[in-house]
Amino acid sequence: MARIYINQLEQHVGEEVQLHGWLYNKRSSGKVKFLILRDGTGIIQSVMVKGAVPDQVFEKFDALTQESSLSIKGKIKKEPRAPGGYEMELSDIPCVYQIALEYPITPKEHGIEFLADRRHLWLRSSRQHAIMRVRHRVIKAIRDFFDGRGFTLVDSPILTPAACEGTSTLFETDYFDLGKAYLTQSGQLYAEAGAMALGKVYCFGPTFRAEKSKTRRHLTEFWMVEPEVAFNDLNDDMDLAEDFLEYIVQNTIRDCAAELKVLERDVTKLQNVKKPLPRISYDDAVKILHEKGLPFEWGNDLGGTDETVVSEQFDRPVMVHRYPSEVKAFYMKRDPQNPKLALAVDVLAPEGYGEIIGGSQREDDLDVLLERIKEHKLPQEAFEWYLDLRRFGSVPHAGFGLGVERTVGWICGTEHVRETIPFPRMIYRNTP
RNA sequence: UCCGCGAUAGCUCAAUGGUGGAGCAUCCGGCUGUUAACCGGAGGGUUGUAGGUUCGAGUCCUACUCGCGGAGCCA
């Protein structure tokens, strides 16, 4: 007898098969009993009628509790009344692996704290299951996109000797006799070294920020993918970001239609994500804010509400480029047309999901970069290796970073990014 | 760090300063097509902690603890 998974049911209609999984729910109306099984690929309702199966099988039903692990055997048939459209006519329960203790997460509503404390169990629910599948698909799209364009994956270190950007608060740890080490806040500087070696590279890994951010857009540990391309300028960088976002979103909504339906996501808003994406300058963004009556001073960075107001003007992500250089990192190249501006770009997702991409053309001139390091009061010794990239065959280059959780949150339409990573790390939570 | 909101049964929530309840979950019973099944019954409480006001506090006041989401910072 075939042991199959629930997502293969349609190929086995009319056959007697065996399924292994966990009890999702059960219902009974006396002589008819319904048992709903999940196996990680979906759910199936199975049904048995008293008299049609041995009494001993029929009675096993009563002892089963939610999330008990078991295998069931029976014939698959099409059944419009069953969720999913297929049903098993149950003939046997060959194995009950374990009768689960009283399961805390019932099919009713729960508060976020209760669920977060049980994240390891919460992942079994259909909504979380759907989000994890979307996350997986987004990550696959990220890899496929770069791999298909001749990029090489060059992983950056997670333990680093100093701050990359000198702004964020970092997690600090003792590092043997070498003093302190810090958890990386960005792999970018290392990706630049990679780009000078291999031309087109990306790094992809976890990133850490010890900022005490408490918002729906923040985690202390999150995943970021950072491409870096030699000989690219800011326009090339925006072209790449635009292709990249279109690829991720279009592939994900095509392959995860069922998951997005579970999440009740309005997919029409994602179908618009095709190039060209609108490109506006920081100056244009400021004009929009002023038109909307917001008191915004030129020279500041866009805050959360500012980003939302700007992004609401468009039906797809918007690229905002050429920010005041003072609010941007030291390594960003200044605009030769106006040295007060940095050749930077942020991509703002629609619907208030905020900045999902931040990028720039990098400063490739040794002397200018040395000046910036002084201006930002960064320790030059720590950046000597990075300055070497400007001493030995410096070229124009550009790159960006995309936050995986914000991207997944936007595509799924989640309230908070904490649902988009299996085990979120936040300021007041590092368990389970 | 600052601002705001909150904490009552296992869970989600009610309760005018005057006898702490409901739905779900659990247990018992019923039901031959259920869809977060339904119907009947039962058990389940130091109202976050410590003080205070009051004849009387879940309710008002103070402090603390924990949580939530917003600012700042950022992906």
Side-chain angles (χ1 to χ4, degrees), chain A residues 24-36 43-52 58 61-62 65-66 79-85 87 89 101-118 125-127 164-170 184-188 204-226 241 300-308 327-329 345-349 352-359 400-410 415-418 420-421 426-429:
Chain A
Y24 191 72
N25 203 353
K26 65 175 189 179
R27 301 182 197 97
S28 161
S29 48
K31 304 276 192 308
V32 185
K33 293 185 193 287
F34 298 94
L35 183 158
I36 297 154
I43 60 167
I44 183 176
Q45 172 170 287
S46 63
V47 60
M48 57 181 168
V49 175
K50 190 171 173 66
F58 193 75
F61 176 94
D62 295 333
T65 54
Q66 190 186 351
E79 174 53 73
R81 287 175 292 186
E87 188 174 70
E89 229 168 68
L101 300 180
E102 189 179 333
Y103 192 64
I105 302 177
T106 67
K108 286 277 179 181
E109 291 167 18
H110 297 284
I112 192 68
E113 187 186 356
F114 181 83
L115 291 169
D117 284 342
R118 293 157 184 80
S125 70
S126 59
R127 183 182 158 79
C164 289
E165 306 183 8
T167 51
S168 295
T169 317
L170 305 183
T184 185
Q185 61 170 325
S186 165
Q188 186 212 307
F204 192 8
T207 307
F208 307 86
R209 304 277 163 92
E211 298 287 349
K212 294 190 171 179
S213 301
K214 278 195 61 152
T215 81
R216 66 184 68 190
R217 300 187 305 279
H218 288 88
L219 298 168
T220 55
E221 175 182 313
F222 63 96
W223 284 67
M224 186 155 70
V225 57
E226 296 172 277
N300 291 339
D301 205 351
L302 266 48
T305 25
D306 305 322
E307 288 180 353
T308 304
V327 300
K328 288 296 182 184
V345 58
D346 283 355
V347 182
L348 310 179
Y353 284 94
E355 184 186 342
I356 50 172
I357 283 181
F400 60 80
L402 171 126
V404 169
E405 287 75 19
R406 285 190 185 173
T407 304
V408 174
W410 162 49
E415 224 13 65
H416 195 299
V417 288
R418 77 185 135 211
T420 65
I421 187 167
M426 293 175 295
I427 169 168
Y428 292 128
R429 174 175 295 281

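First the proteins, then the strands, lettered A, B, ... as listed; each starts at 1.
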Checklist entry - Any idea which of B:U34, B:A25, B:U32 is nearest the A:E87 side chain? => result B:U34
Next on the checklist: Can you tell me the base-pairing partner of B:A9? Count Watson-Crick or G-U wobble geometry only, both distances below 3.5 Å, and say none if there is no partner.
Outcome noted: none
Checklist entry - Across all strands, who's sitting opposite B:U19 as a Watson-Crick or G-U wobble pair, both distances under 3.5 Å? => result none
Next on the checklist: Show, in sequence, the C-alpha distance, side-chain angles and deciding distance for A:I112 and A:R418, and conclude whether the side-chain contact (heavy atoms from CB on, under 4.5 Å) test is met.
Outcome noted: CA-CA 10 Å; A:I112 192 68; A:R418 77 185 135 211; 3.4 Å; yes
Checklist entry - When we call it a touch if two heavy atoms are under 4.0 Å apart, what does A:R217 touch: a base, just sugar-phosphate, or nothing? => result base
Checklist entry - Quantified in whole Å, what is the C1' atom distance between nucleotide B:U49 and nucleotide B:U8? => result 15 Å
Checklist entry - For B:A14, what is the paired nucleotide under Watson-Crick or G-U wobble rules, both distances under 3.5 Å? => result none
Checklist entry - Base, sugar-phosphate alone, or nothing: which one does A:R81 contact when heavy atoms must sit under 4.0 Å apart? => result base
Next on the checklist: Over all strands shown, is A:I36 touching base, sugar-phosphate only, or nothing at heavy-atom distances under 4.0 angstrom?
Outcome noted: nothing
Next on the checklist: If I pick the P atom on B:C11 and the same atom on B:A25, what distance separates them, to the nearest angstrom?
Outcome noted: 15 Å
Checklist entry - Would A:Y428 pass as stacked on B:G67, i.e. its ring centre under 5.5 Å from the base's six-membered ring centre and planes under 30° apart? => result no
Next on the checklist: Does A:T420 form a side-chain hydrogen bond (donor to acceptor under 3.5 Å, both in side chains) with A:H416? I'd like the steps, not just the answer.
Outcome noted: CA-CA 8 Å; A:T420 65; A:H416 195 299; over 6 Å; no
Next on the checklist: Could you tell me how far B:A14 sits from B:A22 if I compare only their C1' atoms? Round to whole Å.
Outcome noted: 7 Å
Next on the checklist: If you compare every side-chain N and O of A:R418 against the phosphate oxygens of B:G69 (OP1, OP2), does one of them come in below 4.0 Å?
Outcome noted: yes
Next on the checklist: Any base atoms under 4.0 Å from A:P104, or only sugar-phosphate, or nothing? Heavy atoms, all strands.
Outcome noted: nothing
Checklist entry - Looking only at atom C1', what distance separates B:G21 and B:G43, rounded to whole Å? => result 16 Å
Checklist entry - How is A:G111 classified with respect to the nucleic acid when contacts are heavy atoms under 4.0 Å: base, sugar-phosphate, or nothing? => result sugar-phosphate
Checklist entry - When only distance counts, do a donor and an acceptor, one from the side chain of A:S213 and one from the base of B:C73, lie under 3.5 Å apart? => result yes
Item to check | Nearest-nucleotide pick for A:T106, side chain only, options being B:U34, B:U32, B:A25 | outcome: B:A25
Checklist entry - With a 4.0 Å cut-off on heavy atoms, is A:E226 in touch with a base, just the backbone sugar-phosphate, or nothing at all? => result nothing
Checklist entry - With sugar-phosphate meaning primed atoms plus P, OP1 and OP2, does A:Q45 contact a base, only sugar-phosphate, or nothing at under 4.0 Å between heavy atoms? => result base
Checklist entry - How is A:D346 classified with respect to the nucleic acid when contacts are heavy atoms under 4.0 Å: base, sugar-phosphate, or nothing? => result nothing
Item to check | Side-chain donor/acceptor of A:E415 to base of B:G69, under 3.5 Å | outcome: no
Item to check | Side-chain N,O (A:K214) to OP1/OP2 (B:G69) below 4.0 Å | outcome: no
Next on the checklist: Regarding A:S28, tell me which of base, sugar-phosphate or nothing describes its non-hydrogen contacts under 4.0 Å with the strands shown.
Outcome noted: base
Next on the checklist: By the 4.0 Å heavy-atom rule, please label A:F114 as base, sugar-phosphate, or nothing.
Outcome noted: sugar-phosphate
Checklist entry - Could a donor-acceptor pair under 3.5 angstrom be found where the side chain of A:H218 meets the base of B:C74? => result yes
Checklist entry - OP1 or OP2 of B:G70 sitting under 4.0 Å from any side-chain N/O of A:R216? => result yes
Next on the checklist: With hydrogens left out and only the distance checked, is there a donor-acceptor pair under 3.5 Å joining A:R118's side chain and the base of B:C11?
Outcome noted: no
Item to check | B:A9 versus B:G18 - spacing of their C1' atoms, nearest Å | outcome: 23 Å
Checklist entry - Expressed in whole Å, how much space separates the P atoms belonging to B:G52 and B:G70? => result 38 Å
